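These numbers come from a predicted model, not from an experiment.
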Amino acid sequence: MAETLWNGLTSAYNFVMDNLFIINIFLSLVIIFFQRRSPQTVWTWLLLLYFIPILGFILYLVIGQDFHKSRMFKAKEIEGELKYAVRRQEETIYRKQLRLANPEMARFKDLILYNLEAGEAVLTDNNDVRIYTDGKEKFRALIDEMKQAKRYIHMQYYIIRNDELWQEIEPVLIEKAKEGIEVRVLFDSMGCRTMHNKDWERLEKGGVQVAEFFPALLGQLQLRVNYRNHRKIVVIDGRVGFVGGFNVGREYLGLDKKFGYWRDTHLCIEGAAVTSLAVRFVLDWNYAAKENLFLQDHLFEIPDYVRNGHDPVQIISSGPDSQTKTIHDNYLRLIHSAKEHIYLQTPYFIPDDSIFDALKIASRSGIDVRIMVPCKPDHPFVYWATYSYLGDMVAAGAKCYVYDNGFLHAKTLSVDGMVACVGTANMDIRSFGLNFEVNAVVYSERTVQRLERAFENDMTKCTHVTRKVYDQRGLIIRVKEQFSRLLSPLL
C-alpha cells in the first residue's frame, strides 16, 4: 500500500517536472483571461511562474485559485423581504426624505445609498453602540451578555484557541444549551487549526451546534490559505451583537509575552442593526452547516426594549463571493469625503492603488491624515510591506505612527469626527478581496468622537515616523521592504 502510494506520488512529481513549462503557460492563460484579478496581482503571479517556476507552481496550487462565484450565500426565502426594505429606503433617499439627527450627515447620503444598492445594507437609526478597546473588558461584557441569553446565542470567530479564555467561555455555552437555549458556534478551519476534533465534540455533546467553514481537505493539513472567513460576530437573542477585531485567545487578553498588551477595537451594538448581524451570521451558517435557518422567524425578531438608541448604523460585508468590494469602496468613499481629518488604525497597511492614491491626494490637499500601525509583526513579510507603504505616506505629508505599547490590531477608519467604519477588515488586499469580512459603518458624532479620542490617546504611546526617522533605516531593511511590497498582492 505504502509503496503504491509512493510510486503514484513519484509519477505525479515526474509528470509535473516534465511538463512544467506547459503547465505554467496554461496557468498564465487562466490567470490573464479567465480570472478577475488586478493587473498588479496578474504580473506578480506571472513573475513567480516564470522566474521561480517550481515555487510559483506550488504557491498557485495553495493560494492562487480564484474563488469568485455568483452569490454563494443567497438566502432566497428572505430575499424578497430584504429587497423590499432596501428599495423602500432607497426611495426615501431619492425623494430627499431621509432625516438624520445631525443635518451635517447629509453629505454622507451617497455612501448610505451605495451601501443599500451594492450591499443591501439597510440604515437603522435606533442603535446604542459601545466601544471596547481592551480584551479583558470586551470578553467580560460578552460573557455577561451570554449568561443573560433567553433564546439563542450565535457565535462566529476566525480564531478560537483552547486556552484559559475559551475554557471560561465554553462552560457558559454548554450551560445555556442545557437550559434549552439554541447555541451555535461557527469557526473557520484555518483560523482554528490548533483546535482538535475532540474540542468540538465536547461542545456537541453538551448540546451546542457546531459548523466549520471551508474544512481542510486532508485532515489537519489546510492548503486553502485564501478565502477564509475572517468575520467575528456574536448575536444574542437578536438584542445585542458584537463585531470587531478581537478573536478568542489568550493573546487578545494581553497574556502573550510575544505581543504584550493587545490594542484592538470591538463594538457592542444594541438595536435594529443587530438584525443585520443576525442575517450575516445565518448566511454563513447556512453555507457551512447546509441548513436553512431563515425558516426560523424568531432568530430575526427585534425586542421592543432595545429601541431607544440614537446611533445610525449600517452593517456591510464583503468577500470573494461578492460582485462588489463593499468594504473597500466604503473606505475609499470616506477618504474622498474628508474635509478636515482622517484617522486610520490597521495592523496591516497594504492598500491597493485606488486607496493609496486617495490617501496621498487627501494628505497633499491639506487633510490631516493620520495612520497608525503596530511596532511589531505577527506576519514579518506583511509588516515590512506595511512599513514600505508608510514611507510613501510620510513623503506625501501624512502623519504616521508606530504603536509601541504592545500590538495594535484595531481596524478603524474615521472621518471628521462624524463617520467611522469599524470591523474585521484590515487595510490590505487580502481583506479587500480574498477573505470574508464584516464592518459596521457608524454615522454618529458621539460614538465616532469616542473612537477618535481613543486614537489620540494611543498617539501618546507611539513613535512618530518622520521623514528623518524613516530615512535612517538600514539597507537590509529596505531590501526586505521592497521585496515584501513586490509580493504584497499574494500576502
Side-chain angles (χ1 to χ4, degrees), residues 38-41 43-44 107 111 325 327-375 377 381-404 408 410-421 425-432 448 451-452 455-456 458-460 462-475 477-489 491:
S38 67
Q40 184 182 9
T41 303
W43 277 112
T44 302
R107 66 182 167 107
L111 179 61
K325 297 181 179 180
I327 295 177
H328 166 277
D329 294 346
N330 271 256
Y331 287 156
L332 186 61
R333 187 67 192 91
L334 284 171
I335 293 167
H336 282 308
S337 68
K339 294 182 178 179
E340 298 176 4
H341 64 260
I342 299 167
Y343 288 178
L344 168 63
Q345 285 181 313
T346 178
Y348 319 123
F349 182 63
I350 307 178
D352 67 353
D353 289 341
S354 60
I355 287 183
F356 195 38
D357 289 341
L359 285 169
K360 289 188 289 185
I361 290 170
S363 184
R364 288 170 175 151
S365 301
I367 306 297
D368 182 7
V369 178
R370 305 185 187 188
I371 302 172
M372 191 179 297
V373 300
C375 69
F381 282 100
V382 177
Y383 181 75
W384 294 330
T386 290
Y387 214 77
S388 173
Y389 282 101
L390 215 62
D392 288 347
M393 289 306 308
V394 171
K399 299 172 184 176
C400 298
Y401 303 90
V402 172
Y403 184 75
D404 294 322
L408 178 72
K411 303 111 171 22
T412 304
L413 175 68
S414 64
V415 168
D416 296 347
M418 299 180 67
V419 178
C421 192
N426 299 305
M427 185 62 75
D428 67 0
I429 297 169
R430 180 169 294 280
S431 283
F432 293 156
V448 174
L451 288 166
E452 293 192 346
F455 183 101
E456 291 164 356
D458 291 334
M459 285 171 52
T460 65
C462 288
T463 297
H464 184 194
V465 184
T466 63
R467 188 75 218 184
K468 181 179 179 181
V469 170
Y470 188 76
D471 287 343
Q472 288 175 346
R473 295 160 12 267
L475 177 61
I477 293 177
R478 297 182 189 214
V479 171
K480 289 179 180 178
E481 289 174 1
Q482 291 305 313
F483 178 71
S484 299
R485 184 164 175 169
L486 175 66
L487 295 180
S488 61
L491 295 176

Parallel, tilted or perpendicular, judged at 30° and 60°: which one describes the rings of F455 and Y343? parallel
Can you tell me how far apart [atom1] ([X]) and [atom2] ([Y]) are? Round to the nearest 0.5 Å.
X: R364; Y: L359; atom1: CZ; atom2: CG; value: 11.5 Å
X: T466; Y: Y401; atom1: OG1; atom2: OH; value: 11.0 Å
X: K411; Y: Y348; atom1: NZ; atom2: OH; value: 6.0 Å
X: F432; Y: L332; atom1: CZ; atom2: CG; value: 9.0 Å
X: L390; Y: M372; atom1: CG; atom2: CE; value: 11.0 Å

What I'd like to find out is whether the side chain of [X] reaches to under 4.5 Å of the side chain of [Y], using heavy atoms alone.
X: H328; Y: S354; answer: yes
X: N330; Y: L413; answer: no
X: T412; Y: L344; answer: no
X: R467; Y: V394; answer: yes
X: V415; Y: S337; answer: yes
X: I350; Y: T386; answer: yes

Please name the pair of heavy atoms, one in [X] and one in [Y], separated by the smallest distance, quoted to 0.1 Å.
X: I367; Y: K339; result: CD1-O, 3.3 Å
X: D428; Y: S431; result: OD1-N, 2.9 Å
X: S414; Y: V448; result: CB-CG1, 4.0 Å
X: A396; Y: S363; result: O-OG, 3.0 Å
X: L451; Y: A420; result: CD1-CB, 3.7 Å
X: P347; Y: P374; result: O-CD, 3.4 Å

Pick out which of Q345, M393, K399, E452 makes a side-chain contact (heavy atoms from CB on, under 4.5 Å) with R370.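 Single pass found, and it is K399.
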Trace of the side-chain contact (heavy atoms from CB on, under 4.5 Å) decision for C462 with Y403: CA-CA 4 Å; C462 288; Y403 184 75; 4.0 Å; yes
Audit row: C421, L334, side-chain contact (heavy atoms from CB on, under 4.5 Å) steps and yes/no: CA-CA 9 Å; C421 192; L334 284 171; 3.9 Å; yes
Whether D416 and R107 form a salt bridge (side-chain N of Lys/Arg under 4.0 Å from carboxylate O of Asp/Glu) is what I want to check.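 Yes, this pair counts.
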Using the test salt bridge (charged side-chain N to carboxylate O under 4.0 Å, His left out), find all partners of D329 that sit at least two apart in sequence or belong to another chain. none
Go through the structure and list residues passing salt bridge (charged side-chain N to carboxylate O under 4.0 Å, His left out) with D404, not counting sequence neighbours. none
With a 3.5 Å distance limit and no angle check, can you tell me whether D357 reaches the backbone of K360 through a side-chain donor-acceptor pair? no
